[in-house]
Visitor: 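Please see the structure below; I have some questions.
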Protein chains: 2
Amino acid sequence: MENKIKIARVQVDLTQQQLAEKVGITRQTISLIEKGKYNPSLKLCLEICYAVNKTLDELFWKEKGSDEK
Amino acid sequence: MENKIKIARVQVDLTQQQLAEKVGITRQTISLIEKGKYNPSLKLCLEICYAVNKTLDELFWKEKGSDEK
DNA sequence: ACATAATTCAATATATATATTACATTGCGA
DNA sequence: TCGCAATGTAATATATATATTGAATTATGT
């Protein structure tokens, strides 16, 4: 499984749109991040964490060699 | 205190240069990140974690409103 | 099946992370 | 003090995250 943002997002009952507004970016960017298409900045990661009430490790941690694409 | 990268780095006895090489970026970028001058990508954060044997939360977590610049 | 909301996807534009080169500064051992 | 290694910093260049617009697709409820 790519990342856990989507799961955390629905857990707090937010749509991509609403999450995007909460963290101050666009819906498309949320979509791309959830799909693992790229590589958000630390600041953005943190804001997503705050919005869905998770920590960095919970949302973004991957073990060293885990998913080699 | 800005971030904990520098501390973790010296704990594993690496110079900025060596850490940079280990994670595949330049020394200057490490310097800027340690000084809190910007905002690395998630991928880079993870690689730094692996190199110094810490987790994202240990190195990069900040509470919501903590250091407002 | 239809209507609507939620999400994915593409193209181009902009902001910014990172590279590169080079020089300045600091600290430490001889 | 001298010399060197580690670090800080600045200018410009490049790669890429993110914005923007808009269209296509997928889900959900009726």
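Note on naming: letters A, B, ... go to the chains in the order of the sequence lines (proteins, then strands), and numbering restarts at 1 for each one. Because only heavy atoms are used, hydrogens play no part in the values below, and waters and symmetry mates are left out as well, while side chains stay in.
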Visitor: Just to confirm, is there a sub-4.0 Å distance from OP1 or OP2 of dT20(D) to any side-chain nitrogen or oxygen of Thr26(A)?
Guide: no
Visitor: Under 3.5 Å, which N/O atoms of the protein pair with N/O atoms of nucleotides 21-26 of chain C?
Guide:
{"from": "dT21(C)", "atom 1": "O4", "to": "Gln28(B)", "atom 2": "NE2", "distance (Å)": "3.0"}
{"from": "dA22(C)", "atom 1": "N6", "to": "Gln28(B)", "atom 2": "NE2", "distance (Å)": "2.8"}

Visitor: For residues 14-23 of chain A, which residues have at least one heavy atom under 4.0 Å from DNA chain D?
Guide: none
Visitor: Can you name the residues that form a side chain to side chain contact (heavy atoms under 4.5 Å, CB included) with Gln28(B), not counting sequence neighbours?
Guide: Thr26(B)
Visitor: Detail all sub-3.5 Å separations between protein N/O atoms and N/O atoms belonging to nucleotides 27-30 of chain C.
Guide:
none

Visitor: With a 4.5 Å cut-off on side-chain heavy atoms, are Leu56(A) and Leu42(A) touching?
Guide: yes
Visitor: Would you say Thr29(B) places a side-chain N or O within less than 4.0 Å of OP1 or OP2 belonging to dA19(C)?
Guide: yes
Visitor: So if I take every side-chain heavy atom of Lys6(B) and compare against dT18(C), dG8(D), dA19(D), which nucleotide ends up nearest?
Guide: dG8(D)
Visitor: Grab the NZ-P distance between Lys37(A) and dT7(C) for me, whole Å please.
Guide: 15 Å
Visitor: Would you kindly give the NZ-to-C1' distance between Lys35(A) and dT26(D), to the nearest whole Å?
Guide: 10 Å
Visitor: What's the spacing between Thr55(B) OG1 and Glu63(A) CD if we round to 0.5 Å?
Guide: 10.0 Å
Visitor: Atom CG of Leu44(A) to atom C1' of dA19(D): distance rounded to whole Å?
Guide: 13 Å
Visitor: Tabulated below should be each protein N or O lying under 3.5 Å from an N or O of nucleotides 12-16 of chain C; please produce it.
Guide:
none

Visitor: Rounded to the nearest 0.5 Å, how far does OG1 of Thr29(A) lie from NZ of Lys37(A)?
Guide: 13.0 Å
Visitor: Expressed in angstrom and rounded to an integer, what is the separation of Ile30(B) atom CD1 from dT9(D) atom P?
Guide: 16 Å
Visitor: Atom CD1 of Ile48(B) and atom CD1 of Ile5(B): how far apart are they, to the nearest 0.5 Å?
Guide: 4.5 Å
Visitor: Return all side-chain donor-acceptor pairs below 3.5 angstrom for residues 9-25 of chain A, not counting sequence neighbours, or 'none' if the list is empty.
Guide:
{"from": "Arg9(A)", "atom 1": "NE", "to": "Glu34(A)", "atom 2": "OE2", "distance (Å)": "2.5"}
{"from": "Arg9(A)", "atom 1": "NH1", "to": "Leu14(A)", "atom 2": "O", "distance (Å)": "3.0"}
{"from": "Arg9(A)", "atom 1": "NH2", "to": "Glu34(A)", "atom 2": "OE1", "distance (Å)": "3.2"}
{"from": "Arg9(A)", "atom 1": "NH2", "to": "Glu34(A)", "atom 2": "OE2", "distance (Å)": "3.3"}
{"from": "Gln16(A)", "atom 1": "NE2", "to": "Glu34(A)", "atom 2": "OE1", "distance (Å)": "3.1"}
{"from": "Gln18(A)", "atom 1": "OE1", "to": "Thr15(A)", "atom 2": "N", "distance (Å)": "2.8"}

Visitor: Under a 3.5 Å distance rule, please check whether Asn39(A) uses its side chain to pair with a backbone N or O of Ser41(B) as donor and acceptor.
Guide: no
Visitor: Rounded to whole angstroms, how far apart are CG on Asp13(B) and C1' on dA5(D)?
Guide: 14 Å
Visitor: Rounded at 0.5 Å granularity, tell me how far CZ in Phe60(A) sits from CG in Asp57(B).
Guide: 11.0 Å
Visitor: Please tell me which of Leu32(A) and Arg9(B) maps to the more 5' nucleotide of DNA chain D, matching each residue to the nucleotide holding its nearest heavy atom.
Guide: Arg9(B)
Visitor: Specify the closest pair of heavy atoms between Trp61(B) and Lys4(B), including all atoms of both residues, with the distance to one decimal.
Guide: O-NZ, 3.3 Å
